[in-house]
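Computed from heavy atoms alone, side chains included, the values below leave out hydrogens, waters and symmetry copies. Positions are given from 1, in the same order as the sequence printed here.
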Amino acid sequence: MSTEIHPTAVVHGGASLGEGVTVGPHAVVGDKVQVGDRCRIGAGAVLEGPTTVGAENVFFSGSCVGFEPQDLKFGGEETFLEVGDRNHFRENSTVHRGTGKGGGLTKVGSDNLFMVGTHIAHDCVVGDHTIFANNGTLAGHVEVGDFATIGAFSSVHQFCRVGAYAYIGGYSVITRDALPYVKTVGTKPVCYGLNRIGLERRGFSDDELKALERAYRLLIRSRQPLAQGLEAAKSELGGVERVAVLIDFLESSDRGVITDLPGRKKGRRGG
């Protein structure tokens, strides 16, 4: 399987292209960029390094991947971007390398869809099977779990986490950690219950959904302090793997977790 490079494309001598890679018109592949097999680099897309890209990724027109971080503390040190397999970077999406003081690495998993205008900032870690709708934006040092969805025009503050299977609604502003499995929506975000339809589509069993619904009531919907809700959830449901993920996420938060509900005043409960 041959590699195809359009005559107007520019591929640096220090770049490495796998088998079956196609590079479109006016695309640029810079120094220290390693591109895996069967990737497609569209017209006008630009990849800079040091960046390692897995197999079967697609970079649409205008996508810019592996650029220097937008961080005033960045001093030109060598930092990295790692991208897994089968990701789609749609038009004008951007992904930046890490910073020396932030660990030096931005990491993107596999099977993700980054729609038009999305941005992954320095030192972020994005899991597998996520969906970023148009203009979804991560600040630096954000972690996004597997199967999470970031809605259109939503932004996530630096050092926040978005849990696995979370759903962030459009136009949301996430300044604290967003719970796994839960729909979190708004410029002053609140929880709208489990992302039940999404979980069903991902193959969650009825028993798992019932356990998560019960945990959500104990942890979020009850009027008791969050610490008491955690103890109750551990006692009743701690042996359920999906619930254990939710409990661990709450207990490991550094920035606090969004647990507010529609109509409930912010800060009424812990977390």
Please report the interatomic distance [atom1]([X]) to [atom2]([Y]), rounded to the nearest 0.5 Å.
| X | Y | atom1 | atom2 | result |
| --- | --- | --- | --- | --- |
| Thr94 | Gln70 | OG1 | CD | 7.0 Å |
| Tyr171 | Ser155 | OH | OG | 12.0 Å |
| Tyr165 | Asp146 | OH | CG | 7.0 Å |
| Lys107 | Cys124 | NZ | SG | 14.0 Å |
| Arg97 | Glu68 | CZ | CD | 5.5 Å |
| Asp111 | His88 | CG | NE2 | 10.0 Å |

Tell me whether [Y] is reachable from [X] by hopping between hydrophobic residues (I, L, V, M, F, W, Y) whose side-chain heavy atoms are closer than 4.5 Å.
| X | Y | answer |
| --- | --- | --- |
| Phe159 | Val156 | no |
| Val243 | Phe147 | yes |
| Leu81 | Val142 | yes |
| Ile120 | Val46 | no |
| Leu237 | Val257 | yes |

Compare every heavy atom of [Y] with every heavy atom of [X], then report the nearest pair and how far apart it is.
| X | Y | result |
| --- | --- | --- |
| Arg90 | Leu113 | CG-CD1, 4.1 Å |
| Leu261 | Arg221 | CD1-CA, 3.9 Å |
| Leu105 | Glu82 | CD1-CG, 3.6 Å |
| Ala148 | Gly163 | CB-O, 3.7 Å |
| Ala133 | Gly151 | CB-C, 3.8 Å |
| Pro50 | Thr79 | CD-O, 3.3 Å |

4.5 Å side-chain heavy-atom contact, [X] and [Y]:
| X | Y | result |
| --- | --- | --- |
| Leu246 | Tyr216 | no |
| Glu251 | Lys234 | yes |
| Arg214 | Val240 | no |
| Ile5 | Leu17 | yes |
| Thr118 | Leu138 | no |

Inset, instruction - For Glu208 and Ser205, indicate whether the former's side chain and the latter's backbone hold a donor-acceptor pair under 3.5 Å. - result: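 Yes: the side chain of Glu208 pairs with the backbone of Ser205.
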Legend entry - Ser253 side-chain N/O to Leu250 backbone N/O, donor-acceptor pair under 3.5 Å: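 Not at all, since once roles are kept as given, no pair shorter than 3.5 Å links the two residues.
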List in chain and number order the residues that pass side chain to side chain contact (heavy atoms under 4.5 Å, CB included) with [X], two or more places apart in sequence or in another chain; answer none if no residue qualifies.
| X | answer |
| --- | --- |
| Asn134 | Met115, Val116 |
| Asp85 | Ala55, Ser110 |
| Asn112 | Asn87, Val108, Phe114, Val126, Thr130 |
| Ala233 | Leu218, Leu219, Ile247 |

Inset, instruction - State which residues pass side chain to side chain donor-acceptor pair (under 3.5 Å) with Asp37; sequence neighbours excluded, sorted by chain then number. - result: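 By the side chain to side chain donor-acceptor pair (under 3.5 Å) rule, Asp37 matches no residue at all.
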With sequence neighbours excluded, residues passing salt bridge (Lys or Arg N to Asp or Glu O under 4.0 Å) with [X]:
| X | answer |
| --- | --- |
| Arg40 | none |
| Arg161 | Asp177 |
| Glu56 | Arg38 |

Name each donor-acceptor pair under 3.5 Å that joins a side chain in residues 23-36 to protein atoms two or more places apart or in another chain, with its distance.
from  : atom 1 : to    : atom 2 : distance (Å)
Lys32 : NZ     : Glu78 : OE2    : 2.9

Legend entry - Residues clustered with Leu72, ILVMFWY side-chain links under 4.5 angstrom: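 Leu72 clusters with nothing; isolated.
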Legend entry - Crowding at CD, Glu241 (>12 non-hydrogen neighbours, <6.0 Å):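 It does not: Glu241 CD has 12 such atoms or fewer within range.
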Ignoring hydrogens and angles, write down the donor-acceptor pairs under 3.5 Å from the side chains of residues 186-204, residues two or more places apart or on other chains.
from   : atom 1 : to     : atom 2 : distance (Å)
Arg196 : NE     : Glu200 : OE2    : 3.3
Arg196 : NH1    : Glu213 : OE2    : 3.3

Legend entry - Pairs touching residues 41-85 that satisfy ring-ring contact (aromatic ring centres under 6.0 Å, His included), sequence neighbours left out: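 Listed by first then second residue: Phe59-Phe89.
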